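Positions are given from 1, in the same order as the sequence printed here. Small disclaimer: the values here were computed from a predicted structure and weren't measured.
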Amino acid sequence: MLGKSVGPRAFVVGLLNFMLLACAHNVSQDKATTADGKVKGAKELPFENGEAVARGIVTYPGGDRVDWKVIEVPDKKAGDLDFRLTWTPPRPGLQLAFDVFDEWNTPVASSKRAGKKSKRSRSRSAALKGARGKYFVRVYAVDRGDAGKYKLTVEFKEAVAGLLFDPTKLEIPEPPKLADVPGLEATCDEFTFDIKNPACKMVCPSAGAPPGWPACKGKCPTPPTVDEPSCHATMPCPKGQPDERIKACKPPDWPPCNKADPDLSNPRCREKAKPMVGRALRSDVSGGGVAIVVGIGSSSGVGKDWKATVLRGDGDQPFPNGDGKVTRVDKNSVVVVVGLTTDQVSANPRVRLSPP
């Protein structure tokens, strides 16, 4: 068996591993069974407060088709037994069932679907009146592709009538074995993917696709990769390694730009700087114009290729013929040459510096 008490993750992984084997060839129904796969190894289910519960897994593709259970009506008592089987399959539509035999291996009950008779039903039940002594329950996967994690519940209700006689011990023959189901053509889906299975050639697995697998072209794999364009719109921005191709990556994901040595692969270094306004600290005649020292320098990001414009008074309008050229850049100041007079600069001391 795959295990009788397993968590959801272990159940799915184990069950799928066995089912993968069935994609390429047929598996004997008892290839991987353990002691309780036969009636002699039936697991005893004790009653507690009139109820006995068993849990386990049966899987035809995994070679563990049958689990046997044995229950015994309390000594010197008789009554009704209600059986109920529910299960969780690895994919919808897979069916389990059970049969009940007395201690002479005579069939006494067979499970029926509970509620609506749907092919996707995941519940079966049976009832036995006037029960006493031992009974064997055979839980099994119905067809070759069937499997599931099940819960078997047996309830005992004592009858008011007197007890029946105790049977003597008789030699118990082996019950009839379930017949093999004819083999099915190998199939494949995203959860039972096997690269060696020809049926998987046109299937893209849910995870772990081989590199360049044709069926996965244009599909974002799990985990996503920046090398697959279909992942760019949905994958999160990798921490510490932002990429402009990924939609989720925004400018704050990159480190601040080093203005002294800008990295153009960093979008924050390509953000256009905003114009800045500084005041003329002093002005001197220079050739045919005036050299103005403005109190803004390289520490503010100003470069020698920036444009300079003298503004009129305290407003934002350019002073006529007030455009100039940055001729020198220091850390905290720049020198701008304009075609004005020192008097005009003194009356209009504000200079706007704009990036190229």
Side-chain angles (χ1 to χ4, degrees), residues 1-6 8 11 15 29 33 36-39 41-62 64-74 77-161 164 175-179 181:
M1 281 195 58
L2 297 178
K4 296 297 181 282
S5 295
V6 294
F11 162 63
L15 190 55
Q29 64 180 359
T33 193
D36 65 348
K38 296 183 179 181
V39 68
K43 182 178 179 181
E44 184 177 359
L45 303 183
F47 282 102
E48 292 184 8
N49 298 321
E51 184 180 84
V53 178
R55 292 179 173 85
I57 299 170
V58 289
T59 165
Y60 202 127
D64 187 15
R65 186 185 183 189
V66 177
D67 279 0
W68 281 96
K69 312 295 180 186
V70 58
I71 59 174
E72 186 170 1
V73 173
K77 292 184 179 181
D80 298 338
L81 290 175
D82 290 325
F83 302 81
R84 180 175 174 82
L85 177 70
T86 58
W87 65 92
T88 302
R91 62 176 182 269
L94 303 189
Q95 295 294 309
L96 305 187
F98 67 91
D99 299 319
V100 184
F101 301 80
D102 63 17
E103 54 189 328
W104 299 285
N105 278 338
T106 301
V108 294
S110 183
S111 63
K112 297 180 180 180
R113 290 193 179 98
K116 295 182 179 179
K117 295 184 178 180
S118 168
K119 292 184 178 180
R120 292 179 176 266
S121 172
R122 292 184 293 180
S123 177
R124 288 179 179 256
S125 61
L128 187 62
K129 303 292 185 180
R132 60 19 178 180
K134 287 185 178 181
Y135 293 91
F136 295 85
V137 183
R138 176 173 61 187
V139 180
Y140 64 96
V142 175
D143 214 328
R144 182 171 296 279
D146 291 337
K149 179 181 179 181
Y150 67 83
K151 176 182 178 181
L152 175 67
T153 304
V154 185
E155 293 185 358
F156 172 69
K157 297 178 181 178
E158 185 178 1
V160 178
L164 301 177
K177 189 175 182 180
L178 289 168
V181 178

Least distance between heavy atoms, [X] atom then [Y] atom:
X	Y	value
L45	A54	CD2-CB, 3.5 Å
A78	R132	CB-CB, 4.0 Å
S110	A126	O-CB, 3.9 Å
A147	A141	N-CB, 4.4 Å

I'd like to check [X] versus [Y] (side-chain heavy atoms, cut-off strictly below 4.5 Å). Are they in contact?
X	Y	answer
L94	R122	no
W87	V139	no
V137	L85	no
D143	Q95	no

Taking atom [atom1] of [X] and atom [atom2] of [Y], what is their separation to the nearest 0.5 Å?
X	Y	atom1	atom2	result
L178	R65	CG	CZ	4.5 Å
R55	K151	CZ	NZ	4.5 Å
F156	K77	CZ	NZ	6.5 Å
T153	F83	OG1	CZ	11.5 Å

### Task
Dump the intermediate steps for side-chain contact (heavy atoms from CB on, under 4.5 Å) on V100 and L81, then the final yes or no.
CA-CA 11 Å; V100 184; L81 290 175; over 6 Å; no
### Query
Partners of Y135 by ring-ring contact (aromatic ring centres under 6.0 Å, His included), sequence neighbours excluded?
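With neighbours one apart ignored, the set is empty.
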### Message
Using side-chain contact (heavy atoms from CB on, under 4.5 Å), reason through F47 and V73 one step at a time and then give a plain yes or no.
### Response
CA-CA 8 Å; F47 282 102; V73 173; 5.5 Å; no
Could you tell me which residues satisfy side-chain contact (heavy atoms from CB on, under 4.5 Å) with [X], sequence neighbours excluded, listed by chain and number?
X	result
A97	S111, R124, Y140, V142
E72	K134
K129	D80

### Message
Against Y150, only a single residue in I57, T86, L96, T88 fulfils side chain to side chain contact (heavy atoms under 4.5 Å, CB included); can you say which?
### Response
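Exactly one candidate clears the test, L96.
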### Query
Who passes salt bridge (charged side-chain N to carboxylate O under 4.0 Å, His left out) against D99, sequence neighbours left out?
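So D99 forms a salt bridge (charged side-chain N to carboxylate O under 4.0 Å, His left out) with R138.
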### Task
Please state whether the rings of F136 and W68 are parallel, tilted or perpendicular, taking 30° and 60° as the class boundaries.
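Rings of F136 and W68: perpendicular, as their planes differ by over 60°.
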### Task
State, without any angle test, whether R84 and S123 hold a side-chain donor-acceptor pair at a distance under 3.5 Å.
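There is such a pair (donor and acceptor under 3.5 Å, judged by atom type) between the side chains of R84 and S123.
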#### Entry: side chain to side chain donor-acceptor pair (under 3.5 Å) partners of K177, counting only residues at least two apart
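By the side chain to side chain donor-acceptor pair (under 3.5 Å) rule, K177 matches D30.
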